[in-house]
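Presented below is the structure to which this report refers.
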Amino acid sequence: VFGKDVTLLLILNNLSSDRKTVKVDMSASTILYTRRPVTEILKATTSVDLGSKQGKHIRLKIPYSYYGKYLTTDKRIQVTALCEVLHRHGLKLLVEKTIILEDANIIIKMPRRVVVNKAVTLEISYANPLPEPVSRCVLLVTLMNQQVKIHLARLAPRERSKIHFEFTPRKPGPLQLQVDFSCDKFSHVKGFVTIAVAPA
């Protein structure tokens, strides 16, 4: 989840009966959805000795403090591990993994029954998933082809807050409500719900 540390496990298995030493060069970069690198955020090298038929795990931790300010709106990190078996004529294996970080979710609560020409009050809950405060918080609510921009108070680290939003549906049938939450540290955390409006 966006705002939390990312932990990965690289599993190495020696399938032969010979001892092997494997050098592992690991790196992580923030990337665009096109896979174009933006900023390298982590680089590490380690060596692992593997006995006959032995397997070992290498844990890689990417703290939020490493990636937070370099992440694009695509919220993607690419991790690569180049594994080289030493003394084996340079046998190499490249492992790649693209991580897409999930947003902190928006929760929309509404009454069980929504009726034409009757006022409805929804509860919209939003959160700051980061270990630092955020400000300039804005909620953009789109409903019935209209947009309402709501300026919100700053949020403390990991704080969740909520507002109540009132509207009156003008015709029966499905109605889609979209919510877009942005602040100074991240943008476009989205939520939506389809509301079934009953005839009067």
Side-chain angles (χ1 to χ4, degrees), residues 1-107 125-137 154-160 180-192:
V1 176
F2 173 60
K4 295 193 174 174
D5 297 347
V6 176
T7 303
L8 299 165
L9 270 185
L10 176 66
I11 301 168
L12 297 175
N13 287 311
N14 179 6
L15 302 177
S16 76
S17 52
D18 299 332
R19 276 190 81 79
K20 286 186 170 66
T21 300
V22 182
K23 180 188 169 197
V24 183
D25 289 315
M26 293 176 286
S27 67
S29 299
T30 56
I31 60 169
L32 300 175
Y33 74 95
T34 57
R35 292 173 61 94
R36 187 170 74 80
V38 177
T39 306
E40 187 174 73
I41 53 174
L42 183 69
K43 203 171 182 66
T45 299
T46 188
S47 285
V48 179
D49 288 318
L50 295 171
S52 168
K53 310 288 187 186
Q54 188 182 20
K56 283 189 179 176
H57 294 177
I58 298 174
R59 186 180 295 270
L60 179 67
K61 185 175 180 181
I62 308 171
Y64 165 74
S65 58
Y66 285 25
Y67 73 77
K69 59 186 174 184
Y70 301 113
L71 210 58
T72 69
T73 52
D74 297 324
K75 295 187 174 70
R76 291 169 189 250
I77 296 173
Q78 179 156 316
V79 181
T80 62
L82 179 62
C83 307
E84 182 179 0
V85 181
L86 301 180
H87 319 302
R88 288 280 166 173
H89 312 295
L91 182 66
K92 293 181 181 180
L93 173 70
L94 181 67
V95 180
E96 286 188 332
K97 171 82 174 168
T98 299
I99 301 155
I100 303 172
L101 298 172
E102 293 178 11
D103 286 319
N105 58 339
I106 285 177
I107 300 166
S125 164
Y126 53 95
N128 171 17
L130 306 184
E132 56 187 330
V134 296
S135 57
R136 297 201 298 276
C137 303
R154 70 201 299 266
L155 290 173
R158 313 275 189 223
E159 183 183 1
R160 181 170 279 279
D180 187 310
F181 176 59
S182 295
C183 65
D184 64 332
K185 301 280 192 327
F186 57 86
S187 59
H188 306 306
V189 175
K190 296 179 187 291
F192 68 91

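- By the 4.5 Å heavy-atom criterion applied to side chains, Val6 and Leu101 are counted as neighbours.
- The OG atom of Ser135 sits 3.5 Å away from the CG atom of Asp184 when rounded to the nearest 0.5 Å.
- Side-chain atoms of Ser17 do not come within 3.5 Å of backbone N or O of Ser52 as any donor-acceptor pair.
- For Glu40, the CD atom counts as densely surrounded, since its 6.0 Å shell holds more than 12 non-hydrogen atoms of other residues, nucleotides or ligands.
- Annotation for Lys56: atom NZ counts as buried by contact number, over 12 foreign heavy atoms lying within 6.0 Å.
- For the atom pair CZ of Arg158 and NZ of Lys4, the computed distance is 6.0 Å after rounding to the nearest 0.5 Å.
- What you find for Tyr64 and Phe2 is that their closest heavy atoms are CE1-CE1, 4.4 Å.
- For the residue pair Asn14/Ser16, the side-chain donor-acceptor check at 3.5 Å is satisfied.
- Side-chain contact between Ile77 and Leu71: present, with at least one pair of heavy atoms (C-beta onward) separated by less than 4.5 Å.
- The nearest pair of heavy atoms linking Pro157 to Pro131 is CB-C, 3.6 Å.
- Side-chain contact between Met26 and Thr46: present, with at least one pair of heavy atoms (C-beta onward) separated by less than 4.5 Å.
- Leu10 has its side chain out of reach of Leu60: every pair of non-hydrogen atoms, C-beta onward, lies at least 4.5 Å apart.
- Residues meeting the salt bridge (charged side-chain N to carboxylate O under 4.0 Å, His left out) test with Lys185, sequence neighbours left out: none.
- Between Arg160 and Asn105 the shortest side-chain heavy-atom distance falls below 4.5 Å.
- Of all the heavy atoms in Ile31 and Pro37, the pair that sits closest is CG2-CA, 3.8 Å.
- For the atom pair CD (Glu132) and OG (Ser65), the distance works out to 9.5 Å, reported to the nearest 0.5 Å.
- Annotation: salt bridge (Lys or Arg N to Asp or Glu O under 4.0 Å) contacts involving residues 58-76, sequence neighbours excluded, comprise Asp5-Lys61, Lys75-Asp103.
- Residues Asn13 and Leu50 approach most closely at C-CD1, 4.4 Å, considering heavy atoms.
- No side-chain donor-acceptor contact under 3.5 Å links Lys92 to the backbone of Cys83.
- Between Tyr126 and Phe181, the angle of the ring planes lies from 30° to 60°, which puts this pair in the tilted group.
- Thr72 places none of its side-chain heavy atoms less than 4.5 Å from the side chain of Tyr33.
- Rounding to the nearest 0.5 Å gives a distance of 4.0 Å between CG of Asp25 and OG1 of Thr45.
- Contact between Val24 and Ala81 at its shortest, heavy atoms only, is CG1-CB, 4.2 Å.
- Here the NZ atom belonging to Lys190 is positioned 4.0 Å from the CG atom belonging to Asp180, to the nearest 0.5 angstrom.
- Within the model, atoms OG1 of Thr80 and NZ of Lys97 stand 14.0 Å from one another, a figure rounded to the nearest 0.5 Å.
- Closest heavy-atom contact between Tyr66 and Leu42: CE2-CD1, 3.5 Å.
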